[in-house]
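Below, each value reflects all heavy atoms present in this structure, side chains not excepted, and no hydrogens, waters or symmetry copies. In what follows, every chain begins at residue 1, and chains take the letters A, B, ... in the order their sequences are listed. Worth saying up front: this structure is predicted, and the values here are computed from it rather than measured.
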Protein chains: 2
Amino acid sequence: MPGKPLALDDIDHRLLAELQADADRTLRDLGELVGLSPSAVLRRVEGYKAGGLLERKVAVLDTSQVPDLVLAVCLVTVERQTPEHRRAFCDLLKRTPQVQQVYDVSGVWDYVVILAAHGLPEVRELAERLFEADENVRKLTTLFVLDPVKTGCAVPTRPMEA
Amino acid sequence: MPGKPLALDDIDHRLLAELQADADRTLRDLGELVGLSPSAVLRRVEGYKAGGLLERKVAVLDTSQVPDLVLAVCLVTVERQTPEHRRAFCDLLKRTPQVQQVYDVSGVWDYVVILAAHGLPEVRELAERLFEADENVRKLTTLFVLDPVKTGCAVPTRPMEA
DNA sequence: CTGCGAGCGCAAAATTATTGCATGCCCGGG
DNA sequence: CCCGGGCATGCAATAATTTTGCGCTCGCAG
């Protein structure tokens with residue numbers, strides 16, 4: 001359960017931006033970057049974790065170094081959106097390692113799913129297992145990624161300055 | 001420049017999976033997890049970095065904790081794909097913090113772009129600045145994210161077992 | 001059979017992350 | 001205007017973790 005005071009100052013914003021860009025630095029380095037002592041940085045970071053803002057730290061691999069890796073963007077339209085179906089559908093996607101991201105969206109499509117598989121055959125198999133086998137999925141459009149121009153999950157913590 | 005021997009064994013795969021799930025663990029913990037001493041784990045991880053497989057470690061924030069954060073998936077179709085335009089277009093996207101991901105895709109659309117902005121106005125402004133202002137962008141479809149069901153950048157390092 | 005080369009565990013050494021503590025600052029209430 | 005109390009910080013001591021050196025074992029090729 002989130003819900004915390006959440007009052008970030010300029011240093012917090014800079015710290016979060018740095019951590020999202022590269023979380024593999026020492027507290028001392030981060031401290032110098034934002035003008036704070038190592039212990040102060042640690043206490044802030046611990047605060048983010050405790051408050052749930054900072055979810056976790058993860059390693060990011062270079063997709064081009066993984067042999068045969070194929071990325072695909074799937075646009076999915078379902079028949080009817082029942083709560084039960086939605087839960088089952090999302091749970092399956094969450095449990096599937098090859099499913100990188102899932103977004104419930106508004107508009108003509110209902111879901112945008114990003115897959116990361118090994119070779120086209122695996123993409124096809126996933127598409128069948130996850131979508132075509134689902135009675136409730138009406139339409140599926142798969143866009144193959146030719147080039148992952150930019151990747152990451154960083155989000156700006158404050159509005160644009162301009 | 002990548003290009004390395006790249007011969008991963010079972011332990012490497014498990015280690016990479018663990019690091020992609022949570023990179024904030026000690027070498028000792030990781031070692032116990034895969035059955036290796038801390039120093040052996042370190043040497044492997046250093047190897048991934050040196051080979052370029054492991055790009056970096058990043059902090060992941062809980063998007064629901066960032067006030068007013070709006071995610072959107074943009075499907076972009078361009079007029080003509082010239083190398084110059086492509087470079088300029090991609091560079092601009094790479095330099096824009098609110099642009100989380102960019103995929104060059106095959107099919108009816110040319111690019112899939114994921115935006116993370118503060119409030120709808122910012123999304124609109126970004127859409128104008130990044131796409132509508134570009135003479136070469138012919139069509140833009142924006143899908144607003146109602147719920148980020150699953151997020152992350154983890155990729156499987158080996159084919160499905162089944 | 002013998003000579004590498006790769007990778008490992010162990011233990012020492014170097015760095016870092018953590019914790020305790022006293023101080024300075026900002027506010028709200030005498 | 002002066003007086004706490006809460007809060008965040010720096011510093012220094014302490015606890016851990018990371019990093020390095022070294023000797024050993026295993027698999028393979030000469």
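The nearest whole Å value for the distance from the CG atom in B:L30 to the P atom in C:dC8 is 14 Å. One interatomic measurement links the two molecules: CD of B:E46 to C1' of D:dT19, which rounds to 9 Å at whole-angstrom precision. A:D9 has its CG atom 15 Å from the C1' atom of C:dC25, to the nearest Å. Note: CG (B:L8) to P (C:dG7) measures 12 Å, nearest angstrom. When the P atom of C:dA17 is taken as reference, atom CZ of B:R25 falls 18 Å away, rounded to whole Å. In this entry the distance linking CD1 of B:I11 with C1' of C:dG7 reads 10 Å, nearest Å. When the P atom of D:dA8 is taken as reference, atom CG of A:L42 falls 14 Å away, rounded to whole Å. A:E32 places its CD atom 17 Å from the C1' atom of D:dT9, with the value rounded to the nearest Å.
For B:L36, the listed nucleotide lying nearest its side chain is C:dG9; candidates were C:dG9, D:dT9, C:dT16. Across C:dA11, D:dG10, D:dT18, the shortest atom-to-atom separation from the side chain of A:S37 is found for D:dG10. When the nucleotides C:dT18, C:dT16, D:dT9 are ranked by their closest atom to the side chain of A:L27, C:dT18 comes out on top.
The shortest distance between the side-chain N/O atoms of A:R43 and the OP1/OP2 oxygens of D:dG10 is not below 4.0 Å. An OP1 or OP2 oxygen of C:dG7 is reached within less than 4.0 angstrom by no side-chain nitrogen or oxygen of B:R44.
The aromatic rings of A:W109 and B:W109 lie perpendicular to each other, with more than 60° between the two planes, well past the 30° mark.
Contact check on B:D24 versus B:K57 returns no salt bridge, with no Lys/Arg side-chain nitrogen under 4.0 Å from an Asp/Glu carboxylate oxygen. Under a 4.0 Å N-O distance rule, the pair A:D68/B:R158 does not qualify as a salt bridge. In summary, A:K49 and A:E46 engage in a salt bridge, as defined by a charged side-chain N under 4.0 Å from a carboxylate O.
Under the side chain to side chain contact (heavy atoms under 4.5 Å, CB included) rule, A:R44 has a single partner from A:L16, A:L54, A:D9, which is A:D9.
Among the heavy atoms of the strands lying under 4.0 Å from B:S39 is at least one base atom, whether or not backbone atoms are also near.
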